[in-house]
Amino acid sequence: MQAFLKSGKIAGNGDKKAGTSSGKPPKTKRAVPWVEKYRPKTVDEVVEQNEAVSVLQQCISGANFPNLLFYGPPGTGKTSTILAAARQLFGDIYRDRILELNASDERGIQIIRDKVKTFAQLTASGTRPDGKPCPPYKIIILDEADSMTHSAQAALRRTMEKESKTTRFCLICNYVSRIIDPLTSRCTKFRFKPLKLERISERLEFICKEENVKFDEESLKALVDTSGGDMRRAITCLQSCAKLRGSDDLIKIEDVYEVTGVVPSKWLDQFVAVCKKGDYDGLSNFLNTMMYEAYSGLQMLEQLNEIVVHSDLFNDKQKGFIGAKLGLVGYRLQDGGSEYLQLLDIGCTLMSAFKLI
Amino acid sequence: MSLWADKHRPKDLLKVDYHKEQAENLKKLTQQGDFPHLLVYGPVGAGKKTRVMCLLKELYGPGVERLRMEQMTFTTPSNKKVEIMTVNSNYHIEVNPADVGIYDRIVIMDLIKTVAQSQQLDVNTQREFKVIVLTDVDELSKDAQHALRRTMEKYIGNCRLILCANSTSRVTAAIRSRCLSIRVPAPTNEEIISILQSTCKKEGLNLPTELALKIAEKSDRNLRKALLICEACKVEQYPFNINQEIPLPDWHVFINDMAKEIVKEQSIQKIATVRTNLYELIIHGIPNQLIFKTLLDELLKNCDVELKSKVVEHAAFYEHRMQHGNKHIFHFEAFIARFMCLYKKFIEDVTSGF
């Protein structure tokens, strides 16, 4: 089940740098996505997220391990942190000591009752097979816990308490509000903040150097900006650009935009200009053309939001008027509304906003 | 005998007729012997599937063209059997999970796991991964998309996913961030014209430029549609005549008539007659988003700017609601009633002004 974690062994806590920089190749020379390859291997390598890291460091050095609940936006290192901690805690045998379940596994109430409970009831010894000491408990990682049903979450409650002698739980989710209260009160909560852009930039530069990717400053900055604090997205985009370009070419800013799906700003300028003219047919034609170019409506809205907020074209009242509609339209789009109609709606709102002074 | 659209489909990445730079990039991608998950998106008839098939051929050789259909059965937790059609070759498998409605999550979970857990035996002569092509990813339920997330990362060793979608708005950010997105814009009218002419040449026919232009304009920049119209024109009359009429599709004419009726009279009786028309459209399987868009376009031709924005606002509202309900007819009718209401008020205001 943890086959995807195939990578070099970690030789304890000491040589944390050796794990990444020497880059021991896996046994077959299989191409691993960079996201997996550059996952932090020790807790100290996790960038930012100071509270969680300091607590886990204490646990590794012998303190008691509480039940954990990590929450925060995607790509901030939630899964990486707990996996790295588990490796440091258990060393070679960590595969036997953790049970990782995520949304792709069946996680109804039945699985909680059978699989989780039986795993939790197993006792763990305080020594490794080779005689070194290790903590006498196992960790159950419930990834993407916010997509678990309420009844499944409820079934966890008593299990968590009863098996606390042998098992620790780590719940990972994007939205803490979707976890039922009885569970949150049993866990130590840590919020994972979106990463600072400089940190992402540092990491990307490091990877570029490791992988021999040629990048200019401008496109790297574009990549970092579009990531919005999501490390995974930034790294995946970097890899995609590199793959798309081949290893010899310099990666250009257009490639970054193409891969990240950002709508070029000329389209947005044109959109605002058409709306300013108050020309409905123009708007409808423009939107049709845009649909043929296959730009994403949601992406368009996000960028439009940036423009409207920072623009001098509108006064505060107009901005409020447009903002309310942007929210509504964004919701409807994500909920399955037709792109053409929803964008038409926001276009008409812009039109009437221009008249409203 | 096959349709022109299938017969003249390019089979090699270097032979595609447009987006050549993209094709070259894709070729580079395959030459490295490994590629990430792909998300191919673009409007209908832009050539998404053509590019995917070319890519697969580039990877595995002509073996991918030997396709066979297979019926797969999955069992839901409640012991219901779900059947789904797949198109396989030795190297890839193509499924449209949205076919099974709310059970799409089961299909995705089971299918990917079975494919991914079997490793290729002889790594030296083959690629070490198989490819799963999922079509209409934007139609997948949120649950199914959730299920895809971690699965995609976990089994990247021996399986790659190619996702096809019409728009990325409905694909969750989590999936988008795990894929290399490839945008396939629709061909421009000029590109369509040149393709039409080269196709006709291959068929040994002569297509005048004026007619090609006319077809291209009617095709909504949908290449497949353009080729089909062209073929239909040939059946109707050959040699081609520049003044040849290209009929609108029946449903389009039908909706136009309906819109005219609605504008002519606003009453309860009218709604009742419109209802039968709508049922007619729905039972003929016209996609409801298409009905909505065409109807709105037609209705708006009769409005002034202020009314237009009001109508659009309501259209957006009802269209969104329609995605939630099962009975589309209610939402169509609600929209039409709302339009009648607005329109009548508008006319009264105009006439009372005099």
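Letters A, B, ... are given to chains in the order of the sequence lines, protein chains preceding strands, and every chain is numbered from 1.
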Self-check item: Structural part of I112(B) lying under 4.5 Å from a heavy atom of chain A
Solution: neither
Quiz item: Which one of R176(B), Q323(B), R221(B) has the most heavy-atom pairs closer than 4.5 Å to chain A?
Solution: R221(B)
Quiz item: With a 4.5 Å heavy-atom cut-off, do H320(B) and L333(A) have their side chains touching?
Solution: no
Quiz item: Is it true that E339(A) and R170(B) make a salt bridge, defined as a side-chain N closer than 4.0 Å to a carboxylate O?
Solution: no
Self-check item: Residue part contacting chain A, namely of V171(B), when any heavy atom lies under 4.5 Å
Solution: neither
Quiz item: Taking atom CD of Q299(A) and atom OG of S167(B), what is their separation to the nearest 0.5 Å?
Solution: 12.0 Å
Quiz item: Does the distance from a Lys or Arg side-chain N to an Asp or Glu carboxylate O, for R183(B) and E293(A), drop under 4.0 Å?
Solution: yes
Quiz item: Using non-hydrogen atoms only, which part of D138(B) is less than 4.5 Å away from chain A: side chain, backbone, both, or neither?
Solution: neither
Practice problem: Using a cut-off of 6.0 Å, state whether more than 12 heavy atoms not belonging to K142(B) lie near its atom NZ. | Solution: yes
Self-check item: Top contributor to chain A contacts, counting heavy-atom pairs under 4.5 Å, from K27(B), Q22(B), K293(B), Q289(B)
Solution: K293(B)
Quiz item: Non-hydrogen atoms of chain A under 4.5 Å away: do they reach the side chain of Q145(B), the backbone, both or neither?
Solution: neither
Quiz item: Quick one: what part of Y292(A) sits under 4.5 Å from any heavy atom of chain B, side chain, backbone, both or neither?
Solution: both
Quiz prompt | Interface moiety of E313(B) toward chain A, non-hydrogen atoms closer than 4.5 Å | solution = both
Quiz item: Just wondering, more than 12 heavy atoms not from K276(A) lying within 6.0 Å of its NZ?
Solution: no
Self-check item: Contact origin within K301(B) toward chain A - heavy atom pairs under 4.5 Å
Solution: neither
Practice problem: Let me know if H314(B) has heavy atoms under 4.5 Å from chain A in its side chain, its backbone, both or neither. | Solution: neither
Practice problem: Measure F292(B) against the heavy atoms of chain A and call it side chain, backbone, both or neither at under 4.5 Å. | Solution: side chain
Practice problem: Select, from A315(B), G42(B), P187(B), P185(B), the one with the greatest count of heavy-atom pairs under 4.5 Å involving chain A. | Solution: P185(B)
Quiz prompt | Side-chain heavy atoms of Q342(A) within contact of E319(B), under 4.5 Å | solution = yes
Quiz item: Any idea which heavy atoms bring L296(B) and L344(A) closest together, and the distance?
Solution: CD2-CD2, 4.0 Å
Quiz item: Quick one: what part of L300(B) sits under 4.5 Å from any heavy atom of chain A, side chain, backbone, both or neither?
Solution: side chain
Quiz item: Does the S169(B) side chain pair with the main chain of L298(A), one donor and one acceptor, at a distance under 3.5 Å?
Solution: yes
Quiz item: Is it the backbone or the side chain of N288(A) that comes under 4.5 Å from a heavy atom of chain B, or both, or neither?
Solution: side chain
Quiz prompt | Contact summary for Y41(B) and A294(A), nearest pair of heavy atoms | solution = CE1-O, 3.0 Å
Exercise. Decide side-chain contact (heavy atoms from CB on, under 4.5 Å) for L341(A) and F317(B); before the verdict, give the C-alpha distance in whole Å, the side-chain angles of both, and the deciding distance to 0.1 Å.
Key: CA-CA 9 Å; L341(A) 278 177; F317(B) 174 75; over 6 Å; no
Quiz item: Of the backbone (N, CA, C, O) and the side chain (C-beta and beyond), which part of R321(B) lies under 4.5 Å from a heavy atom of chain A, both, or neither?
Solution: neither
Quiz item: Which atom names give the shortest non-hydrogen contact between A316(B) and R332(A), and what distance separates them?
Solution: CB-NH1, 3.4 Å
